[in-house]
Amino acid sequence: MHETLHMSDRRIFLRSSLLSSLALLVNKNATADAHMPSIKGKPIVISTWAPNEKANAEAWKVLEQGGKSVDAVEAGVQIPEGDPEDQSVGYGGLPDRDGFVTLDACIMNEKGDCGSVMFVESIMHPIKLARLVMDKTPHVQLVGEGALQFALANGFKKEQLLTPEAEKEWKKWLKEAKYDPMIIPDLLENKTQRGQQNNHDTIGMIAMDANGDLSGACSTSGMAFKMRGRVGDSPIIGAGLFVDNEVGAATSTGVGEEVVRICGSHTVVELMRQGNSPEQACKKAIQRLIKLRGDKVKELQVCFIAINKKGEFGGYALQKGFTFAVHSNNGSKVYTAKSIYQ
Ligand code: GLY
């Protein structure tokens, strides 16, 4: 594998063609308009990307019984983590450029307790491991081999996470081995064959329980064919996820490097603290990124979703095609977020 990356190799973006293709794959149930209704009330759970309606349904089982939001998000995120068809989270996730599936996840509750694991291999449900870091250690983050040791010492079993399908995609990529981790043309073809199931990356899930307490969780296998050791925004508290029980919660999906630069999810929560609605807060965070990065993010995708203490929610993206799923007492629904670029 390459040790030195050329400038062109460092490009981490979604090209227009990819974006157009993704847009075509948007869930047919998604609403055409991006107007966010005011479903005030609790409980409520929101996740990045339409296919995560299934994850919300699992979280809802906890919420409708009066369970805690932190237990709901931990349960919900395990759905895509255990789904071999989902090639961007957990089991079945596309490997790094050396052929290893490495996972990142984090969780945060209403008290500011949080746990995170990064660059973890062989553990099917990194969100459970992140929860254990939160509950059983004095720390917030465990990484790589140390996180794996901690998992094994606490009853987790090593599992093969590289599915034959994901390995096939990696071997196809190896033929050219072009370091351009967000561009996976062959995979797109497969996505079309499979329908819209894989039209998403990270799952970020935020919820408010019947008690009014907020929590969130985030899990990903990161960019396909990434450099070994690369970690994005998803396991970084404040970037991929942030919860402030006085104000609201936010989470992100898309190119993690860009989210980290603006401490994205924390920024969204602070914008809500200043009086912005969840959608306005997500939009202003995206605008801040554009102000900082200009043309460098013109062809990238970055998306946020947020919820406030009133149970209002919203999302916003850099590019069109971002969907998010909401489950409340009104049932399950998918929304298409507004975006800066069309
Ligand atoms: N947002 C997921 C990642 O960049 O790894």
Side-chain angles (χ1 to χ4, degrees), residues 36 38-49 52 55-56 59-60 62-63 67-77 105-116 127 130-131 134 140 202-220 233-254 259-260 262-286 302-317 322 324-328 335 337:
M36 290 304 132
S38 187
I39 302 176
K40 291 184 188 172
K42 52 198 185 202
I44 185 167
V45 56
I46 310 178
S47 293
T48 53
W49 304 109
N52 287 322
N56 284 355
W60 187 254
V62 176
L63 293 173
K68 290 184 70 60
S69 54
V70 70
D71 297 325
V73 294
E74 184 191 358
V77 162
C106 74
I107 191 162
M108 188 167 191
N109 72 12
E110 78 280 4
K111 296 181 206 145
D113 299 325
C114 42
S116 161
I127 199 64
R131 175 78 191 259
M134 177 174 101
V140 169
T202 307
I203 178 167
M205 175 182 278
I206 45 183
M208 182 161 63
D209 59 32
N211 202 36
D213 286 329
L214 293 160
S215 299
C218 198
S219 185
T220 191
D233 58 321
S234 302
I236 309 287
I237 298 294
L241 174 72
F242 196 69
V243 176
D244 183 322
N245 207 42
E246 287 185 351
V247 177
T251 187
S252 61
T253 179
V259 177
V260 168
I262 59 161
C263 205
S265 295
H266 181 263
T267 295
V268 172
V269 170
E270 290 306 301
L271 286 162
M272 288 194 287
R273 191 191 304 279
Q274 291 165 20
N276 293 288
S277 71
E279 185 183 296
Q280 282 167 344
C282 294
K283 182 178 182 182
K284 285 185 179 177
I286 297 277
V302 172
C303 326
F304 294 106
I305 56 171
I307 179 173
N308 66 17
K309 277 299 270 189
K310 290 187 245 172
E312 296 166 335
F313 61 86
Y316 215 89
F322 172 51
F324 59 95
V326 178
H327 203 125
S328 69
Y335 295 88

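Just so it is clear, the structure is predicted and the values come from calculations on it, not from any experiment. In what follows, every heavy atom counts, from backbone to side chain, and hydrogens, waters and symmetry copies are set aside.
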Do any N or O atoms from the side chain of [X] and from the backbone of [Y] form a donor-acceptor pair under 3.5 angstrom?
{"X": "T202", "Y": "T220", "result": "no"}
{"X": "T48", "Y": "T253", "result": "no"}
{"X": "N56", "Y": "A325", "result": "yes"}
{"X": "S219", "Y": "I203", "result": "no"}

If I compare all heavy atoms of [X] with all of [Y], which pair ends up nearest, and what's the gap?
{"X": "I127", "Y": "E74", "result": "CG2-O, 3.7 Å"}
{"X": "N109", "Y": "V243", "result": "O-CG1, 3.8 Å"}
{"X": "F304", "Y": "F322", "result": "O-CE2, 3.8 Å"}
{"X": "A239", "Y": "V259", "result": "O-CG1, 3.4 Å"}
{"X": "A105", "Y": "A130", "result": "O-CB, 3.9 Å"}
{"X": "L63", "Y": "A207", "result": "CD1-CB, 4.3 Å"}

* Considering only NZ, NE, NH1 and NH2 on the basic side and carboxylate oxygens on the acidic side, decide whether D71 and R131 come within less than 4.0 Å. =>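 Judged by the 4.0 Å cut-off on N to carboxylate O distance, D71 and R131 do form a salt bridge.
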Pairwise distance [atom1]([X]) to [atom2]([Y]) - rounded to 0.5 angstrom:
{"X": "L271", "Y": "H266", "atom1": "CG", "atom2": "NE2", "answer": "10.0 Å"}
{"X": "H327", "Y": "S47", "atom1": "NE2", "atom2": "OG", "answer": "11.0 Å"}
{"X": "I44", "Y": "K310", "atom1": "CD1", "atom2": "NZ", "answer": "13.5 Å"}
{"X": "T267", "Y": "K284", "atom1": "OG1", "atom2": "NZ", "answer": "13.0 Å"}
{"X": "S215", "Y": "K111", "atom1": "OG", "atom2": "NZ", "answer": "9.5 Å"}
{"X": "C218", "Y": "D233", "atom1": "SG", "atom2": "CG", "answer": "6.5 Å"}

* D244 side chain near M272 side chain, heavy-atom distance below 4.5 Å ->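 Of all side-chain heavy-atom pairs linking M272 with D244, none is under 4.5 Å.
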* Asked: Is there side-chain contact between L241 and I206, with heavy atoms separated by less than 4.5 Å?
  -> yes
* Asked: Between V268 and F242, does a side chain to side chain contact (heavy atoms under 4.5 Å, CB included) hold up when you go through it step by step?
  -> CA-CA 9 Å; V268 172; F242 196 69; over 6 Å; no
* Residue pair N52, M205: steps toward the side chain to side chain contact (heavy atoms under 4.5 Å, CB included) verdict -> CA-CA 9 Å; N52 287 322; M205 175 182 278; 6.0 Å; no
* Asked: Among all residues two or more places apart in sequence or in another chain, which pass the ring pair (Phe, Tyr, Trp, His ring centres under 6.0 Å) test with Y316?
  ->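 If we apply the ring pair (Phe, Tyr, Trp, His ring centres under 6.0 Å) test to Y316, skipping adjacent residues, there are no hits.
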* To do: Step by step, work out the side chain to side chain contact (heavy atoms under 4.5 Å, CB included) result for L214 and K309.
  => CA-CA 8 Å; L214 293 160; K309 277 299 270 189; 3.7 Å; yes
* Mind running side chain to side chain donor-acceptor pair (under 3.5 Å) on D213 and S69 for me, showing each step along the way? => CA-CA 7 Å; D213 286 329; S69 54; over 6 Å; no
* For the residue pair F324 and F313, does the interplanar ring angle fall in the parallel (under 30°), tilted (30 to 60°) or perpendicular (over 60°) class? ->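 If you compare the ring of F324 with that of F313, the planes turn out perpendicular.
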* To do: Could you check I305 against T251 for side chain to side chain contact (heavy atoms under 4.5 Å, CB included), going step by step and ending with a plain yes or no?
  => CA-CA 6 Å; I305 56 171; T251 187; 3.4 Å; yes
